[in-house]
Amino acid sequence: MTISSPSRAEPCNSYRWNWQGQEFSIVYQTLGQGNPILLLPAFSTVSSRTEMLKIAEILAPQYRVTVLDWLGFGQSARPPLPYNPELYRQMLRDFVAASFDSPVIIAAAGHAAGYALDVAAELPQHVSKLVLVAPTWQGPLRVMGAPAGMRKAVEGMVRSPLLGQFLYYLNTRPGFLRWMYGRHVFCDRDRLTPEFMNTKYQSTQQPGARFAPAAFVTGGLDPVQSRAEFLALIQRVSLPILAIIAEQAPPTSKAGMEAIAEASGVQIARLPGTLGMHEEYPSEVAAAILNFAHRDIL
């Protein structure tokens with residue numbers, strides 16, 4: 001199935017994914033030719049494959065690059081499911097197994113890093129290398145110290161028909177989105193133009209848009225429950241791993257990235273930017289990916 005593309009890149013395609021007896025559309029794009037690279041956008045209220053497209057365009061002259069929208073985000077289906085880590089683990093495993101004829105390099109931003117590590121551990125024959133871009137594992141309310149009961153209650157409120165729509169409305173106003181980006185997603189606020197923020201706002205206005213972001217914000221999509229679990233997941237992967245540390249990341253997130261830097265066998269690159277470095281500094285991130293992709297690891 002081919003659908004219209006909102007970007008300057010190649011037309012979009014739809015992967016038909018079956019989950020618990022239901023079929024859902026996962027939208028993706030493929031650019032270029034050559035060995036495969038899969039780019040996974042970070043989870044957020046405005047998560048979309050479009051945040052990875054500039055990197056994809058830089059890589060496309062040398063690689064066949066695929067970028068996708070997670071279920072519940074972007075142009076993919078947004079059903080009112082109970083979104084959880086097992087859903088995304090299985091979605092990514094199935095997509096990778098079905099979509100690539102040779103081992104793929106996966107570059108994953110933010111929370112997507114934990115899911116990329118999972119597929120590399122579970123399906124090592126399908127993955128050649130991993131790039132973790134500003135990797136995180138805690139949702140925003142968890143980082144703020146909100147207890148589990150409170151976070152679960154907030155998710156339930158956002159999922160409710162009337163109150164949920166109102167809460168989601170408040171948290172997706174262009175002004176709030178700009179504040180969020182300026183606080184911990186972009187370093188340079190001059191890049192947060194009205195046109196840029198309007199694009200982000202429009203991505204939040206799709207039917208069913210609130211369900212998956214509510215799970216992310218409240219910690220329901222955290223791929224692990226502790227830093228120790230994240231590091232243990234890294235140690236399960238026998239493939240080459242590059243972690244790109246965002247130099248201006250918030251303190252809690254930066255501490256987690258620095259812990260990864262101490263993990264055995266992980267290569268490290270330090271680049272400017274914070275949690276949205278893949279979108280704000282695509283040339284620098286793409287250069288690090290290319291350098292790592294071309295490197296032979298003995």
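Quick note: numbers below take in every heavy atom, side chains included, and nothing from hydrogens, waters or symmetry partners.
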In Å and rounded to the nearest 0.5 Å, what is the [atom1] to [atom2] distance from [X] to [Y]?
X: L221; Y: N84; atom1: CG; atom2: CG; result: 8.0 Å
X: C12; Y: R49; atom1: SG; atom2: CZ; result: 3.5 Å
X: Q62; Y: N35; atom1: CD; atom2: CG; result: 10.5 Å
X: I55; Y: I289; atom1: CD1; atom2: CD1; result: 5.0 Å
X: L141; Y: F216; atom1: CG; atom2: CZ; result: 9.5 Å
X: I241; Y: L239; atom1: CD1; atom2: CG; result: 7.0 Å

Handout entry: Steps toward side-chain contact (heavy atoms from CB on, under 4.5 Å) verdict (V46, L177)
Key = CA-CA 9 Å; V46 295; L177 293 176; 4.0 Å; yes
Look at the side-chain heavy atoms of Ile, Leu, Val, Met, Phe, Trp and Tyr, link any pair under 4.5 Å apart, and say whether [X] and [Y] land in one connected group.
X: L231; Y: L132; value: yes
X: F230; Y: V131; value: no
X: V119; Y: I234; value: yes
X: Y169; Y: L163; value: no
X: L59; Y: L40; value: no

Taking [Y]'s backbone N and O only, do any of them form a donor-acceptor pair with [X]'s side chain (distance below 3.5 Å, no angle check)?
X: H111; Y: W137; value: yes
X: Q206; Y: Q202; value: yes
X: Y168; Y: T204; value: yes
X: S76; Y: D69; value: yes
X: Q165; Y: L162; value: no
X: R236; Y: D118; value: no
X: R191; Y: F186; value: no
X: Q90; Y: W19; value: no
X: R159; Y: A214; value: no
X: K129; Y: F292; value: yes

Problem - Mutual orientation of the aromatic rings belonging to W179 and F176 [parallel < 30°, tilted 30-60°, perpendicular > 60°] - result: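 Because their plane-to-plane angle lies in the 30° to 60° range, the rings of W179 and F176 count as tilted.
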Exercise for the section: Count the heavy atoms belonging to other residues, nucleotides or ligands that lie under 6.0 Å from CZ of R64, then report whether that count exceeds 12. Expected result: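 No.
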Handout entry: Atom CG of D101: over 12 foreign heavy atoms under 6.0 Å
Key = no
Over all heavy atoms of both residues, which pair between [X] and [Y] is shortest? Give the atoms and the distance, please.
X: P41; Y: A112; answer: O-CB, 3.5 Å
X: I260; Y: P135; answer: CD1-CG, 3.6 Å
X: Q235; Y: S264; answer: NE2-N, 3.5 Å
X: K254; Y: A249; answer: CB-O, 3.9 Å
X: H278; Y: A42; answer: CE1-CB, 4.1 Å
X: G74; Y: R78; answer: O-NH2, 2.8 Å

Is the closest side-chain heavy-atom distance between [X] and [Y] below 4.5 Å?
X: P272; Y: Q248; answer: yes
X: V158; Y: V217; answer: no
X: D94; Y: W17; answer: yes
X: Y15; Y: L68; answer: no
X: L81; Y: Q20; answer: no
X: P36; Y: S102; answer: yes
X: T274; Y: P250; answer: yes
X: L38; Y: L92; answer: yes

Exercise for the section: Any chance you could lay out the side-chain hydrogen bond (donor to acceptor under 3.5 Å, both in side chains) test for Y201 and R173, step after step, and finish with the verdict? Expected result: CA-CA 7 Å; Y201 168 72; R173 294 298 85 200; 3.2 Å; yes
Handout entry: Name of the residue among K152, R151, M157, M150 meeting side chain to side chain contact (heavy atoms under 4.5 Å, CB included) with T218
Key =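 That would be R151.
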Exercise for the section: Would you please test Y181 and F196 for ring-ring contact (aromatic ring centres under 6.0 Å, His included) and show each step? Expected result: CA-CA 11 Å; Y181 258 78; F196 178 86; 5.6 Å; yes
Problem - W70/Y88 aromatic ring centres below 6.0 Å - result: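 That pair passes the under 6.0 Å test.
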Problem - Check: F43 ring centroid to Y115 ring centroid under 6.0 Å - result: yes
Exercise for the section: Would you check, one step at a time, whether the test side-chain contact (heavy atoms from CB on, under 4.5 Å) holds for R295 with N291? Expected result: CA-CA 6 Å; R295 195 180 305 156; N291 182 56; 2.3 Å; yes
Handout entry: Electrostatic pair R89:E86 at N-O distance under 4.0 angstrom
Key = yes
Problem - Check: S253/T136 side-chain N/O donor and acceptor closer than 3.5 Å - result: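 The answer is no; no qualifying pair exists.
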